[in-house]
Undergrad: 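Let me begin by handing over the structure; questions about it come next.
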Amino acid sequence: MTQTQETPVAFLHGVGLNAAMWAPVQDALGRESIAIDLPGHGQQPPLTGPATLRDMADDVLTRLPERSHLVGFSLGALIGQHIARFHPDRVKTLTCVSSVCQRTDAERSAVSARLASAEADFPATVEASIDRWYSGTAVPQSVVEATRRTLEANDVQSFVHAYRVFALGDGVIGNELSRIEVPALAITGEHDPGSTPEMTRRLAAAIPGAKAVIVPGARHMLPVQDADVLARAINEFIKDSEGERA
């Protein structure tokens, strides 16, 4: 990465995916940026045992720029919240894309069922994820199939370890959100069935000064479905935050 005066944007993907998912947003952003593979994903070695949200955040910290505008998607958003809370010197702004937040009993039951399904029948989990993320969208079938291949390439046990962090992570960071002091944006799709608009509103209410944005017509894979819209929202948020601090 080249040295510039501009604080880079750092992207963290969701469970089962990899850094490549951010390419359309990086192209549309027009800023220096880096996308990082989470532990157990992409070019990183598989997780061989149980992990915690802190474990994953500590690993990511070793590969983040010294300071960044941190953007996390789904599991990556939970990791971003953990880093912003406990390492604020490393985060200039925090954007949480399609993040869960303070799940209700019913929402915890639903994600627990998905975790059990991943442990028992990984192929079915892949199909359910594809349906939940893309059903009813105009995303080209070639893009959907690329996501399917990425999911299918996962080491199953590593995926389960990471999914358990996703299933439990909001309970770990939930009570700490009010202590995040960096400027924060929570954004999700209007029709995201897992990281719902209500969760995004909860997240924005929990982090002091945070803003909530709901993208009309979008489902869970907002960075893929509406990359230009997301890039514009990130840019506007960063510019507003820099203006507030000027």
Side-chain angles (χ1 to χ4, degrees), residues 12-17 36 38-41 47-61 64 70-88 90-91 94-120 122 125 128-129 132-133 154 156-182 184-189 192-212 214 220-222:
L12 308 178
H13 61 79
V15 64
L17 302 169
I36 294 172
L38 300 185
H41 295 76
L47 298 172
T48 57
T52 66
L53 187 62
R54 179 177 179 177
D55 293 337
M56 300 189 86
D58 286 349
D59 181 285
V60 167
L61 273 168
L64 274 182
L70 190 55
V71 178
F73 168 74
S74 196
L75 172 59
L78 294 175
I79 292 171
Q81 290 157 29
H82 195 283
I83 293 172
R85 165 63 183 95
F86 294 105
H87 302 275
R90 302 291 300 276
V91 182
L94 172 67
T95 298
C96 300
V97 184
S98 307
S99 180
V100 297
C101 180
Q102 300 173 340
R103 289 181 174 103
T104 65
D105 288 345
E107 289 162 351
R108 277 195 295 274
S109 294
V111 76
S112 294
R114 293 200 292 273
L115 174 60
S117 174
E119 293 175 305
F122 180 69
T125 288
S129 297
R132 194 167 60 250
W133 295 353
N154 277 273
V156 175
Q157 284 307 310
S158 180
F159 177 90
V160 169
H161 291 315
Y163 203 94
R164 184 170 288 106
V165 175
F166 170 68
L168 301 176
D170 65 303
V172 173
I173 197 63
N175 289 335
E176 299 288 342
L177 295 173
S178 64
R179 298 182 180 183
I180 292 177
E181 296 181 347
V182 304
L185 169 68
I187 182 168
T188 197
D192 190 326
S195 306
T196 64
E198 179 54 31
M199 288 184 182
T200 279
R201 296 187 185 101
R202 277 179 219 156
L203 183 56
I207 300 176
K211 302 173 182 177
I214 310 301
H220 186 62
M221 291 294 278
L222 174 60

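Just so we're clear, the structure is a prediction, and the values are computed from it rather than from any experiment. When a residue number appears, it is its place in the shown sequence, counting from 1.
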Undergrad: Between Phe86 and His82, how do the two ring planes meet: parallel, tilted or perpendicular, split at 30° and 60°?
TA: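 Taking His82 first and then Phe86, their aromatic rings sit tilted (interplane angle of 30° to 60°).
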Undergrad: Considering non-hydrogen atoms only, spot the tightest contact between Ala84 and Val91 and give its length.
TA: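 Taking every non-hydrogen atom into account, CA-CG2, 4.0 Å.
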Undergrad: With a 4.5 Å limit on heavy-atom distance, are the side chains of Pro39 and Leu47 in contact?
TA: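 Result yes, sub-4.5 Å side-chain heavy-atom pair found.
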Undergrad: Please lay out, stage by stage, how Val156 and Asn154 fare under the test side chain to side chain contact (heavy atoms under 4.5 Å, CB included).
TA: CA-CA 6 Å; Val156 175; Asn154 277 273; over 6 Å; no
Undergrad: Taking atom types as modelled, find out whether Thr125 and Ser117 have a side-chain donor-acceptor pair closer than 3.5 angstrom.
TA: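 On atom types as modelled, these side chains qualify, holding a pair under 3.5 Å.
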Undergrad: Under the 3.5 angstrom rule, does the side chain of Arg90 hit a backbone N or O of Leu64 as a donor-acceptor pair?
TA: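 Yes: the side chain of Arg90 pairs with the backbone of Leu64.
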Undergrad: How long is the span from the CG atom in Leu75 to the CG atom in Leu53, to the nearest 0.5 Å?
TA: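 So the gap between those two atoms works out to 7.5 Å.
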Undergrad: Does any non-hydrogen side-chain atom of Leu12 lie less than 4.5 Å from one of Val71?
TA: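 They are not in contact (no side-chain heavy atoms under 4.5 Å apart), so the answer is no.
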Undergrad: Please report the interatomic distance OH(Tyr163) to OG(Ser129), rounded to the nearest 0.5 Å.
TA: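 Answer rounded to 0.5 Å: 6.5 Å.
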Undergrad: Rounded to the nearest 0.5 Å, how far does CG of Leu222 lie from CG of Asp192?
TA: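 One finds 8.5 Å between CG of Asp192 and CG of Leu222.
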Undergrad: For Asp59, enumerate each residue passing the salt bridge (Lys or Arg N to Asp or Glu O under 4.0 Å) test, keeping only those at least two apart in sequence or located in another chain.
TA: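 Counting only residues at least two positions away or on another chain, Asp59 forms a salt bridge (Lys or Arg N to Asp or Glu O under 4.0 Å) with Arg63.
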Undergrad: Quick one: does Gln81's side chain get under 4.5 Å of Leu94's, heavy atoms only?
TA: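 Of all side-chain heavy-atom pairs linking Leu94 with Gln81, at least one is under 4.5 Å.
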Undergrad: Please give me the minimum heavy-atom distance between Met56 and Ala51, naming the atom from each residue.
TA: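 Looking at all heavy atoms of both residues, the closest pair is CG-CB, 4.5 Å.
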Undergrad: Under a 4.5 Å cut-off applied to non-hydrogen side-chain atoms, are Leu70 and Thr95 in contact?
TA: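 Sidechains of Thr95 and Leu70: no contact.
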Undergrad: Please identify each residue that fulfils ring-ring contact (aromatic ring centres under 6.0 Å, His included) with His41, with sequence neighbours left out.
TA: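 If we apply the ring-ring contact (aromatic ring centres under 6.0 Å, His included) test to His41, skipping adjacent residues, the hits are His13.
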Undergrad: Would you say the side chains of Thr196 and Glu107 form a donor-acceptor pair under 3.5 Å?
TA: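 Side-chain D/A pair, Thr196 to Glu107: absent.
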Undergrad: Take Met199 and Arg103 through the side chain to side chain contact (heavy atoms under 4.5 Å, CB included) test and state the conclusion after the steps.
TA: CA-CA 8 Å; Met199 288 184 182; Arg103 289 181 174 103; 4.1 Å; yes
Undergrad: Can you list the steps and then say if Leu38 with Val60 is a side chain to side chain contact (heavy atoms under 4.5 Å, CB included)?
TA: CA-CA 7 Å; Leu38 300 185; Val60 167; 4.0 Å; yes
Undergrad: When rounded to the nearest 0.5 angstrom, what distance separates CD in Glu198 from CD1 in Ile214?
TA: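 Separation between the atoms: 9.0 Å.
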Undergrad: Looking at every non-hydrogen atom in both residues, tell me the closest pair between Gln102 and Gly174 and how far apart they are.
TA: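 So the minimum-distance heavy-atom pair works out to NE2-O, 3.3 Å.
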Undergrad: Ser74 and Ser98: side chain to side chain donor-acceptor pair (under 3.5 Å), yes or no, with the steps?
TA: CA-CA 5 Å; Ser74 196; Ser98 307; over 6 Å; no
Undergrad: Set out, in order, the CA-CA distance, both residues' side-chain angles and the distance that settles side chain to side chain contact (heavy atoms under 4.5 Å, CB included) for Asp58 and His87, then state yes or no.
TA: CA-CA 10 Å; Asp58 286 349; His87 302 275; 4.2 Å; yes
Undergrad: About how many Å separate OG of Ser178 and CD1 of Ile207, when rounded to the nearest 0.5 Å?
TA: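 OG of Ser178 is found 9.5 Å from CD1 of Ile207.
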Undergrad: Using 30° and 60° as the class limits, which term best fits the ring planes of His220 and Phe73: parallel, tilted or perpendicular?
TA: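 The arrangement is tilted - the two ring planes meet at 30° to 60°.
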Undergrad: Please report the closest heavy-atom contact between Pro208 and Ala206, naming both atoms and the distance.
TA: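 Taking Pro208 first and Ala206 second, the nearest heavy atoms are CD-O, 3.6 Å.
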Undergrad: Going by salt bridge (charged side-chain N to carboxylate O under 4.0 Å, His left out), name the pairs with one or both residues in residues 111-120, residues two or more places apart or in two chains.
TA: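 As it turns out, the salt bridge (charged side-chain N to carboxylate O under 4.0 Å, His left out) pairs with a partner in residues 111-120, which skip direct neighbours, are Glu119-Arg164.
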Undergrad: State, with a plain yes or no, whether a side-chain heavy atom of Asp170 is found less than 4.5 Å away from one of Cys101.
TA: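 Counting from C-beta outward, Asp170 and Cys101 never come under 4.5 Å.
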Undergrad: Side chains of Val100 and Phe166, heavy atoms from C-beta outward: is any pair under 4.5 Å?
TA: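 Touching, per the 4.5 Å side-chain cut-off.
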Undergrad: Considering non-hydrogen atoms only, spot the tightest contact between Leu203 and Ala186 and give its length.
TA: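 So the minimum-distance heavy-atom pair works out to CD2-CB, 3.8 Å.
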Undergrad: Measuring from Thr52:OG1 to Asp55:CG, what's the distance to the nearest 0.5 Å?
TA: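 Here the interatomic distance stands at 3.0 Å.
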Undergrad: Contact between Thr48 and Ser158 at the side-chain level, heavy atoms closer than 4.5 Å - yes or no?
TA: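 In short, these two side chains do not touch, never coming nearer than 4.5 Å.
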